[in-house]
Amino acid sequence: MANEASRRLYFIFLMCAWDEIFGKIRYSIPEELERGAFVGNIAEDLGLSIGEMRLRKFRLVSDDAIELLKVNMGNGILLVNERIDREILCGPSLTCSIYQDVAVENPLEMHRVDVEILDVNDNSPSFTKTSYSLQVSELTAEGALFPLESAHDPDVGTNTVSTYQISTNKHFGLKTHTRSDGSKIAELVLENPLDREKESTFHLTLTAIDGGIAHRSGNARIVITVIDGNDNAPVFNHNIYRVNIMENAPKGNRVITINATDLDEGTNGQVRYFLTSHVSKRVQELFRLEPETGQVRVEGSLDYEEKNTYEFEVQAVDNGTPTLASRALI
Ligand SMILES: *[C@@H]1O[C@H](CO)[C@@H](O)[C@H](O)[C@H]1NC(C)=O
């Protein structure tokens, strides 16, 4: 017990003492150096000769199982002992140092060596997925924004993601923002209105680029599906349909089939046919228009002597919300 306490006291003394008595030594090295790479001439910087180093039992004091640094006792040079990966050692922290204690005996001295590990642009930005899909209504207003996934680059400072680019296309641009922590995020901007009937999918490439001296980059595909909006009205194949029919045509006889097509998809493009509200009661007694097929059939008895020409308006209406319609004359 007494032994433990005195050792503790001794350490407290040491900790107080060394900051005052002995200066710190600082070195800076880039990460990822080869094993055996030069860090600093520690013997010279501590003012020890090679002989003194041996006599005074110079040693690195370390709690870590893996010793990242070692000393060549033959020349007093501090060396890299293990590959040092700044990202593993310090993660996203902007500064990264190894604190190495050095001890010599007779008299006992402790020195602190700080080895600053500088970031090297050894990582490329990457996205968590290779492809992202996005659905955009063709009715979306210009200027609308769509957030994009951020890329990750474990390097720090300028070596991490600094810009984003989108492949050249006529409709989508990119807006990049800087978050308060300095990281960059990108949003897709609709710069030109979409038209699903002209182009219904886009395959774009999003590129994240880091700010390292030799730029590194990573890509993701953005697949945009344009969702249909009801922006097309049905269009009749004729503005005016003309047809002759015998007065003795039996009930149910087909007079004519009208046809309108709608470029929209699904219900937005489903067309049904109706007589307009202006059509007279008498016409409605004589003719029937089937909403689904556009077939006009004889419904009553036609009499040439009563009237030999009928003219009436029909409309084609789609099933979108809201509906769109167009008119023609029979
Ligand atoms: C209507 O016109 C379209 C386009 O010409 C055609 O594909 C379709 O078959 C026509 N429908 C009828 C009922 O005639």
Side-chain angles (χ1 to χ4, degrees), residues 133-142 144 169-172 190-204 221-330:
S133 51
L134 200 64
Q135 299 199 325
V136 180
S137 163
E138 65 172 326
L139 304 179
T140 303
E142 244 172 277
N169 71 96
K170 294 202 182 91
H171 294 271
F172 294 95
L190 182 64
E191 290 178 343
N192 285 305
L194 297 167
D195 187 356
R196 190 203 63 86
E197 288 69 40
K198 284 199 187 119
E199 211 167 356
S200 61
T201 42
F202 292 87
H203 293 266
L204 307 179
R221 285 197 322 142
I222 310 280
V223 179
I224 298 170
T225 308
V226 182
I227 303 297
D228 189 48
N230 193 22
D231 57 344
N232 289 282
V235 178
F236 276 104
N237 55 356
H238 297 288
N239 292 325
I240 300 172
Y241 295 89
R242 288 174 207 281
V243 64
N244 295 320
I245 188 166
M246 301 299 288
E247 68 170 334
N248 60 359
K251 184 178 169 186
N253 234 31
R254 191 171 69 90
V255 178
I256 194 172
T257 301
I258 59 173
N259 187 2
T261 48
D262 188 306
L263 293 176
D264 290 324
E265 228 180 9
T267 54
N268 290 336
Q270 271 170 16
V271 178
R272 287 190 304 155
Y273 305 91
F274 303 98
L275 300 173
T276 66
S277 53
H278 308 298
V279 173
S280 71
K281 198 102 204 242
R282 184 64 186 142
V283 167
Q284 291 184 46
E285 283 164 9
L286 294 174
F287 302 100
R288 182 165 53 87
L289 170 57
E290 291 179 353
E292 307 297 335
T293 62
Q295 289 174 2
V296 179
R297 292 184 184 277
V298 175
E299 180 71 3
S301 339
L302 297 168
D303 184 354
Y304 178 88
E305 284 68 37
E306 178 195 331
K307 198 169 189 285
N308 68 2
T309 305
Y310 291 93
E311 187 177 297
F312 55 94
E313 208 176 30
V314 288
Q315 62 179 345
V317 184
D318 69 25
N319 212 0
T321 343
T323 59
L324 291 173
S326 59
R327 293 179 174 193
L329 212 57
I330 299 181

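Remember, it's 1-based here, ligands and their atoms both numbered in the order they're listed. Everything numeric here is computed off the predicted structure, so don't read it as measured data.
For the side-chain hydrogen bond (donor to acceptor under 3.5 Å, both in side chains) criterion with N268, the lone passing option out of D228, D318, N319 is D228.
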Report every pair formed by an N or O atom of ligand 1 and a protein N or O atom separated by less than 3.5 Å, giving atom names and the distance to 0.1 Å.
{"residue": "ligand 1", "atom": "2 (O)", "partner": "N259", "partner atom": "ND2", "Å": "2.3"}
{"residue": "ligand 1", "atom": "11 (N)", "partner": "N259", "partner atom": "ND2", "Å": "2.8"}
{"residue": "ligand 1", "atom": "14 (O)", "partner": "N259", "partner atom": "ND2", "Å": "3.4"}

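Ring geometry, F287 versus Y310: the interplanar angle exceeds 60°, so the pair is classed perpendicular (tilted spans 30 to 60°).
Although no hydrogens or angles enter the test, the distance criterion places a donor-acceptor pair under 3.5 Å between the side chain of H171 and the main chain of N192.
Ion pairing between E290 and R288 holds under the 4.0 Å rule for side-chain N and carboxylate O.
Residues E199 and V226 come closest through the heavy atom pair O-CG2, 3.7 Å.
Looking at L302 and I245, their side chains come closer than 4.5 Å, going by heavy atoms from C-beta outward.
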